[in-house]
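Just so it is clear, the structure is predicted and the values come from calculations on it, not from any experiment.
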Amino acid sequence: MTDIPYRIALIVGAGSGISASFARRLAAAGLRVGLAARHVEKLAALASEIGAETFAVDASEPTGVARLFAEADERLGEPDVVHYNASVRAHGPIAELDPEAVRKAIEISAFGGFLTVREAARRMIPHGRGAILLTGASASVKGYPHSAGRPDSTLNPDAIAQTYIEILRQPRSAWSLEVELRPWVETF
């Protein structure tokens, strides 16, 4: 198995699920880890556990994301792994959705992803290397009713994190551009 050829990771939209699992695995692999979220107090236990730095950011604000990367550069070094995990969802039938809730969901999930990828690319392109991971959901490309099924029917955050680690380990001669993970019960 190939070692991870990266040193510094920044997770934007860090929380207690996928991003926490991924942060633990990155730290165990020897990477320095930065955790960014709107409310950093929720990250204190995880940061202490893995020795991570924490950063406050509103991922939908261009100046805030630029400031996040400048602070991360200073406190951690330039990240060569960036994981965007921030999201907000507008729930309900399409005909009844609140337009402002949808706007907020798009600002965080899509526009915030763009802002984060842009800042990451500005650092990675000059070095000719780096990894950018964006977490999405099946519901972003395929709507279906009653998607909250039995616990065994959902993706496990640790399994997703392990897949991310394997992506970082893949050899340059055979790598994937996109990985799609689905629970075993989903029909296609």
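Under the 4.5 Å side-chain heavy-atom criterion for grouping Ile, Leu, Val, Met, Phe, Trp and Tyr, Val65 is connected to Met124 within one hydrophobic cluster. Residues Leu168 and Ile50 share a hydrophobic cluster, clusters being chains of Ile/Leu/Val/Met/Phe/Trp/Tyr side chains in contact below 4.5 Å. Using a 4.5 Å cut-off between side-chain heavy atoms of Ile, Leu, Val, Met, Phe, Trp and Tyr, with links allowed through other members, Tyr6 and Val117 fall into different hydrophobic clusters. Cluster annotation: Ile11 and Ile167 are assigned to the same hydrophobic cluster (Ile/Leu/Val/Met/Phe/Trp/Tyr, side-chain heavy-atom contacts under 4.5 Å, transitive). Ile132 and Ile165 fall into different hydrophobic clusters, where Ile, Leu, Val, Met, Phe, Trp and Tyr side chains are chained together by heavy-atom contacts under 4.5 Å.
Evaluation of the salt bridge (charged side-chain N to carboxylate O under 4.0 Å, His left out) rule for Glu78 yields no partner, not counting sequence neighbours. For the side-chain hydrogen bond (donor to acceptor under 3.5 Å, both in side chains) test, no residue two or more places apart in sequence or in another chain qualifies with Arg67. Evaluation of the salt bridge (charged side-chain N to carboxylate O under 4.0 Å, His left out) rule for Glu61 yields no partner, not counting sequence neighbours. Tyr164 meets the side-chain hydrogen bond (donor to acceptor under 3.5 Å, both in side chains) test with Thr135; sequence neighbours excluded. With sequence neighbours left out, Arg7 forms a salt bridge (charged side-chain N to carboxylate O under 4.0 Å, His left out) with no residue at all. Applying the side-chain hydrogen bond (donor to acceptor under 3.5 Å, both in side chains) criterion to Glu49, with sequence neighbours excluded, gives Arg24. Scored by the side chain to side chain contact (heavy atoms under 4.5 Å, CB included) test, Ile8 finds Arg32, Leu76, Pro79, Asp80 as partners (sequence neighbours excluded). Ala47 meets the side chain to side chain contact (heavy atoms under 4.5 Å, CB included) test with Leu35, Ala52, Thr54; sequence neighbours excluded. Looking at residues two or more places apart in sequence or on another chain, you find a salt bridge (charged side-chain N to carboxylate O under 4.0 Å, His left out) between Asp73 and Arg123.
Under a 4.5 Å side-chain heavy-atom cut-off, the cluster of Ile, Leu, Val, Met, Phe, Trp and Tyr residues that includes Ile125 has no other member.
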(request) Just do the side-chain contact (heavy atoms from CB on, under 4.5 Å) check on Ile4 and Val81 with the steps written out, would you? (result) CA-CA 10 Å; Ile4 297 174; Val81 173; 5.5 Å; no
Between Val57 and Val40, is a side-chain contact (heavy atoms from CB on, under 4.5 Å) present by the stated rule, with each step listed?
CA-CA 9 Å; Val57 67; Val40 294; over 6 Å; no
Pair Glu119-Val82, side-chain contact (heavy atoms from CB on, under 4.5 Å): steps then yes or no: CA-CA 10 Å; Glu119 291 299 323; Val82 173; over 6 Å; no
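Residue Ala86 comes nearest to Ala59 through the heavy atom pair CB-CB, 4.4 Å, listed as atom of the first residue, atom of the second, then distance. Between Gly13 and Asn85, the closest heavy-atom pair is O-ND2, 3.2 Å.
A donor-acceptor contact closer than 3.5 angstrom is absent between the side chains of Glu166 and Gln170.
Residue pairs meeting the ring pair (Phe, Tyr, Trp, His ring centres under 6.0 Å) criterion with at least one partner in residues 31-72, sequence neighbours excluded, do not occur; the list is empty. Screening residues 102-117 for side chain to side chain donor-acceptor pair (under 3.5 Å) gives Glu100-Arg103 as the qualifying pairs, with residues at least two apart or on separate chains.
Counting non-hydrogen atoms of neighbouring residues, nucleotides and ligands closer than 6.0 angstrom, the CD atom of Glu74 reaches no more than 12 such neighbours.
Note: Ser87 OG to Leu134 CG = 12.0 Å, rounded to the nearest 0.5 Å.
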